[in-house]
2 protein chains.
Amino acid sequence: MKTFNIPVEAALEVIGGKWKVVILCHLIDHGTLRTSELKKRMPNITQKMLTQQLRELESDGVLERIVYNQVPPKVEYKLTDYGTSLAPALQMLCSWGEQHIEKAVSEGEDVMVLSGAEE
Amino acid sequence: MKTFNIPVEAALEVIGGKWKVVILCHLIDHGTLRTSELKKRMPNITQKMLTQQLRELESDGVLERIVYNQVPPKVEYKLTDYGTSLAPALQMLCSWGEQHIEKAVSEGEDVMVLSGAEE
DNA sequence: CAGAATCCAGGATGATACTG
DNA sequence: CAGTATCATCCTGGATTCTG
């Protein structure tokens with residue numbers, strides 16, 4: 001029997017990984033992404049972590065893995081309908097992050113967003 | 001220079017700790033809570049982790065620590081205005097968690113919410 | 001290109017005892 | 001009651017190498 005002390009713990013079990021929210025945000029922003037495109041947008045993640053986090057998200061039913069049987073391999077990831085139900089919450093988190101950065105900048109901190117991965 | 005690859009990373013820096021979202025949700029639900037009340041609602045957190053996470057949230061400006069100079073000591077925590085700006089996003093996460101639990105239950109998983117800490 | 005399989009260090013987290 | 005200090009531990013996450 002799995003127990004939670006407060007419902008939000010159940011959400012954290014799904015999005016609690018170090019990179020999961022970031023992955024989900026990228027998928028929210030771009031719809032469908034190949035493995036290499038995700039990696040390009042997350043320069044600091046390792047191959048292993050990327051795969052691992054994607055697998056966990058997949059087995060939690062929030063994203064879907066689409067494998068094309070071809071050479072070289074092509075694999076795409078996209079949110080499931082269920083995963084899409086997370087989008088509103090995550091988008092609010094994103095905009096809060098933006099505000100948080102602006103606040104930091106206005107307070108004289110040295111912060112910046114690279115986000116040069118837009119093609 | 002601190003850099004982010006995507007703005008949501010800035011949000012994760014603030015709420016990324018293992019217990020931070022849970023702490024914040026309790027404060028959203030109850031307004032102001034004493035240390036011991038927080039602990040009662042988080043049976044699995046240790047004294048050390050609780051203090052540590054609270055200190056980090058405080059130094060990020062999302063919650064405020066109110067110390068009463070008396071014996072025995074009394075310390076209360078509440079969200080700052082800035083922390084309150086996080087509430088909408090976190091509340092969506094909470095309700096998503098509730099839905100996630102319901103989904104799990106309806107799929108025959110053994111899950112339950114204890115939340116017996118309501119007095 | 002996508003990812004599996006190792007090995008491994010480090011920080012994050014826990015348990016316990018102590019203080020004012 | 002609230003918090004600190006210390007020590008032990010786990011396991012996340014990173015570097016690397018290998019495969020189809």
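By convention in this document, chain letters (A, B, ...) are assigned in the order of the sequence lines, proteins followed by strands, and residues within each chain are numbered from 1.
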Return the value, rounded to whole Å, for the distance between atom CG of Leu50(A) and atom C1' of dT16(D). 17 Å

Between dA4(C) and Thr51(A), is there an OP1 or OP2 to side-chain N/O distance shorter than 4.0 Å? no

Over how many whole Å does the gap from Leu54(A) atom CG to dC1(C) atom C1' extend? 14 Å

Answer yes or no: does a side-chain N or O of Arg65(B) lie under 4.0 Å from OP1 or OP2 of dG3(D)? yes

Arg41(A) with Glu37(A): basic N within carboxylate O range, under 4.0 Å: no

Exactly one of Val113(B), Val111(B), Leu114(B) should register a side chain to side chain contact (heavy atoms under 4.5 Å, CB included) with Thr3(A). Which one does? Leu114(B)

Without decimals, in angstroms, what is the distance between Asn69(B) CG and dC1(D) P? 18 Å

Tell me whether the side-chain N/O atoms of Arg34(B) come closer than 4.0 Å to OP1 or OP2 in dA2(D). yes

Measure the distance from NZ on Lys74(B) to C1' on dA2(D) and round it to the nearest whole Å. 13 Å

On DNA chain D, does the nearest nucleotide to Pro72(A) precede the nearest nucleotide to Asn44(A) from the 5' side, or the other way round? Give the residue. Asn44(A)

Return the polar atom pairs (N/O with N/O) between nucleotides 6-13 of chain C and the protein under 3.5 Å, or none.
residue: dT13(C); atom: O4; partner: Lys48(B); partner atom: NZ; Å: 3.4

Under-4.0 Å side-chain N/O to phosphate OP1/OP2 contact, Tyr77(A) with dG3(C): yes

Do Asp29(A) and Ile6(B) make a side-chain contact, defined as non-hydrogen atoms from C-beta onward lying under 4.5 Å apart? yes

Check Asp81(A), Leu79(A), Leu27(A), Thr80(A) against Glu64(A) for a side chain to side chain contact (heavy atoms under 4.5 Å, CB included) and give me the one that passes. Thr80(A)

Does Tyr68(A) reach a base, just sugar-phosphate, or nothing at all? Heavy atoms under 4.0 Å. nothing

Whole-Å distance, Arg55(A) CZ to dA2(C) C1', equals 9 Å

Describe, in one word, how the ring planes of Tyr82(A) and His100(B) are oriented to each other, choosing from parallel (under 30°), tilted (30 to 60°) and perpendicular (over 60°). parallel

Please report the shortest heavy-atom distance between Ile15(B) and Val21(B), naming the atom on each side. O-CG2, 3.6 Å

Rounded distance in Å - CD (Glu56(A)) to C1' (dC11(D)): 12 Å

Check the distance between dG13(D)'s P and Lys39(A)'s NZ and give it to me in whole angstrom. 17 Å

Closest-nucleotide mapping onto DNA chain D: is Val67(B) or Pro73(A) further toward the 5' terminus? I mean the 5' end. Val67(B)

Rounded to the nearest Å, what distance is computed from the CG atom of residue Leu38(A) to the P atom of nucleotide dC1(C)? 14 Å

Below 4.0 angstrom from OP1 or OP2 of dG3(D), is there any side-chain N or O of Thr35(B)? yes

Heavy-atom side-chain contact between Tyr77(B) and Thr35(B) under 4.5 Å: yes

